[in-house]
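Atoms within a ligand are numbered from 1 in the order they appear, just like the ligands themselves.
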Amino acid sequence: MTLDRLSPGSGLQAFPPPEQWDDWREYDPKQWPRRVEKRYMLVPTTCFNCEAACGLLAYVDKETMRVRKFEGNPLHPASRGRNCAKGPATINQIHDPERILHPLRREGRRGEGRWRRASWDEVLEEIGGRIRAALREGRRNEVMYHVGRPGHERTMDRILKAWGIDGHNSHTNVCSSSARLGYALWNGHDRPSPDHACARFILLLSSHLEAGHYFNPHAQRIVEGKLAGAKLAVMDPRLSNTASMADYWLPTYPGSEAAVLLAMAKVILDEGRADLAYLERWTNWRHFMLDRHPGDKPRFAAFMAELKDHYREFTPEFAEAESGVPRSRIVEVARLIGGARGAFASHVWRGSASGNLGGWQVSRALQLLTVLTASMGTPGGTAPHGWNKYKPVFWEEPPGQKQWNELLFPKEWPLSHYEMSFLLPHFLKEGRGRLDVYFTRVYNPVWTNPDGLTWMEVLKDEALVGLHAALTPVWNETAVFADYVLPMGLAGERHDIQSQETQDGRWVSFRQPVLRAARERMGESFRFTYEANPGEVWEEDEFWIELSWRIDPDGALGVRRWFESPYRPGEKLTVTDYYRWIFENAVPGLPEAAAAQGLAPLDYMRRHGAFLIASDVHGLQEAAVAVPAGAATDPATGLVTAAGRAIGVEIDGRVLAGWPTPSRRLEVFSPTMKEWGWPEEALPGYIRSHVHRSALDAAKGEMVLVPTFRLPTLVHTRTGNAKYLNEISHRNPVWLHTIDARRLGLRTGDLARVTTEIGYFVNRAWVTEAIAPGVVACSHHMGRWRLHEGEGSRWAAARVRLEPAPGGGWLLRQLDGLGPFTSADPDSRRVWWSDGGVHQNLTFAVHPDPVSGMHCWHQKVVVSRARGEDRYGDVFVDTQRSMEVYREWLGKTRPGPGPGGLRRPLWLDRPLRPADEMFKA
Ligand code: SF4
């Protein structure tokens, strides 16, 4: 409570006014009931605990120059001063007594647990030297950067292109590939941006209100939409907290979602609720008709008749049989969606799209509803993400690299979205290549990915991975198998810019090292951010600049020039130069807004932390396009091309921007799918999942495990050292319906063995009616483990023994649970919880979708009572068997090259896009 807020009638809603952020006074709550005044400097930054990039405000104690707490930044356009529990818990992470404060170099064998302190100079010299040798010797594909949480915009694209390598790997294929591909096939943008706040009907295929990708900003707006009268429907086999807040819960059997969505589309089509004028104007129906009836003049009425006929089998009865959702509820929701014409907001990101074989057709089917109701990019509708997400440009852009790395984009998945990241160890084991320098950055594949012990086996093999550097703010299960562990800053300890499609608008947020910023405001200066951070915790921006100069000290490799200052030619780029240039030159409206306050753009961002670039971003497909000389228009489709590229579409005599697809229309019919070997999937469709009822072995008692759901309080492995959060959430029991529990003889709290294709885990049962019968579920956040003392967070991770099992495979067993421990933080002696949950992902074989490349997370499992030898937290895995399952799924692919001998369609984007000629196989 502030001094000002203590005055009568001031209320508790106010935020500290920005003009007082240099010297904010409030009482120290720990001194209560004494009124002891504390003075703070308030420094904005950006949360780094999930990808939503909400604003934070660090309270820097002016007496101790320590951060006292993090609260919301009221000037942030997306989060508007509000945060979820994970935002303020950043304070736990920066003051965690177990965090890594200095660079560490391995001693002994990889994974043995012996480390010595290293200097940043030693780190830069060894890694820089190895990369230099790889570039000089033509081994460019042996350098790879693998990221879990990026937290910046385009930064690594620029750096890796400057190095001339095709070495960007990401976590997308264990996260969102399928949903992205489905969206991209429709409109060229691979994510949705729903305008929940103005919607008339909202459909979520997930527990998005409580734990979504853009959790807090979206949750605020979903609630606003509901308060304004919108209806909310949720598809989820679990009665999640989100479903419990919905007007309609549709507890779909896992993998049946597309069948339900197509049944809704059929209702809308059959009952005349579709917006025909919009469909005629913006879908590529002409391409469909020309494909089906070559030589005939395309007629829209005939197209509509064929479309209805195509979906004739998707009756509500069929959808009910597939999903278990009553047909009457499907029809009722379909009519409401049809009635929301122009204002239907929807979202699928992970959930059913990431759980199932063919999950990319879930977002294709969902987007069909958006298009039928003319809700694309309208107020209250669902925009393509690129309209609302800001991306910076730079003073100089390195050209696309002249490399194509088959470890990332192999021929078997020409349409993958994006890198086949989780198969990296399988490819290396198969002899498809080796790595000389491998960076993992805020990425923990041993724990997060399926088949983590195959990752471990490969990371331990120095013939396959020459040097592994783990850039991470906290210990994790993968860093244990590194040669260097390099501590990188948390939210208040680093620079980045971020922007996300959280709403109808476009914004940019600035993350900054708050102690450095506060001390610079007081007149100090720093060469590197680690001089102001705790210990020698650095930030990636400065690390990459320094490393790039070590790679190319004399500039002979052509790398160094990209890391020179735009303001002082020939001199080394600084982090200040970098952001100053972007804010001065590449954020529309920012220089003017800053000037109005008498500030330079960089100072404005340092003071405010965020800037709203635009709001009310609608209808951009209708923008007129300037047509260059020599452009040609296809009379049959209206497509306008110039220099071989589609630039727009002619409608009613005007050339309009349309969408970034080959036809510049919304592609209800995807020629790409047809030409690249999947003609049967060219329209939005329904692919029966690998966990469809017909795929289960009833004699074995197989059920479906949904292992993907999140909790609002944790995020992957980033929050393991946040004591507040682990006190709230530290168990992940297996949800089991009462009918199944009775059949299996299990009660809440009983130990159950959950057997997958490659192993099993032992966890406690939680018997509930909040899940569909035949389905079990387990949150993926918990079950953190540590092999050695000093290599993990004792707030969250149990000590384990990991050994070869007598009959083959690996057995991981918890040695003890969690409990009080002694550290510099007195709270560590007050840890009252003894359970950290069970790690399930280790027992999952890889399931790469043959089209999107997404790992299909859902599992066929057999649940039974635990056996006599089982202990809570046991995990058994057979990595030989996991390689066999990998090969079974490899057999489902339809390898490239595709038309024109291409490795991948030129129009489908990819991170770190190489030069166009590299697309040629
Ligand atoms: S939703 Fe929570 S964790 Fe994610 S950025 Fe916002 S405050 Fe941070």
Check: Do you see an N/O/S atom of C84, backbone or side chain, under 2.8 Å from atom 2 (Fe) of ligand 1?
Finding: yes
Item checked: Minimum heavy-atom distance H417-A184, with the two atoms named -> CE1-CB, 3.9 Å
Next item on the list: Would you mind telling me which of H839, H781, H780, H716 makes a ring-ring contact (aromatic ring centres under 6.0 Å, His included) with W447?
Entry: H839
Notebook entry, point to check: With a cut-off of 2.8 Å, does C47 place any N/O/S atom under that distance from atom 4 (Fe) of ligand 1?
Noted result: no
Check: What are the atoms of ligand 1, with element, lying closer than 4.0 Å to any heavy atom of C54?
Finding: 1 (S), 5 (S), 6 (Fe), 7 (S)
Check: Atoms of ligand 1 less than 4.0 Å from N216 heavy atoms?
Finding: 1 (S)
Notebook entry, point to check: Under 4.0 Å from ligand 1, counting heavy atoms only, is it the side chain of A53, its backbone, both or neither?
Noted result: backbone
Next item on the list: Around atom 4 (Fe) of ligand 1, find the nearest protein heavy atom and jot down its residue, atom name and distance.
Entry: C50 SG, 2.2 Å
Check: Are Y578 and W544 close enough that their ring centers fall under 6.0 Å?
Finding: no
Notebook entry, point to check: Would H171 and H146 count as a close aromatic pair, with their ring centres under 6.0 Å?
Noted result: no
Next item on the list: Starting from the C-alpha separation in whole Å, work towards a yes-or-no answer on ring-ring contact (aromatic ring centres under 6.0 Å, His included) for W507 and H76.
Entry: CA-CA 9 Å; W507 51 265; H76 193 289; 4.7 Å; yes
Notebook entry, point to check: Counting heavy atoms only, which of K86, H218, H76 is nearest atom 3 (S) of ligand 1?
Noted result: K86
Margin query: For the aromatic rings, using the six-membered ring if either is Trp, is the centroid distance between F510 and F583 under 6.0 Å?
Written below: yes
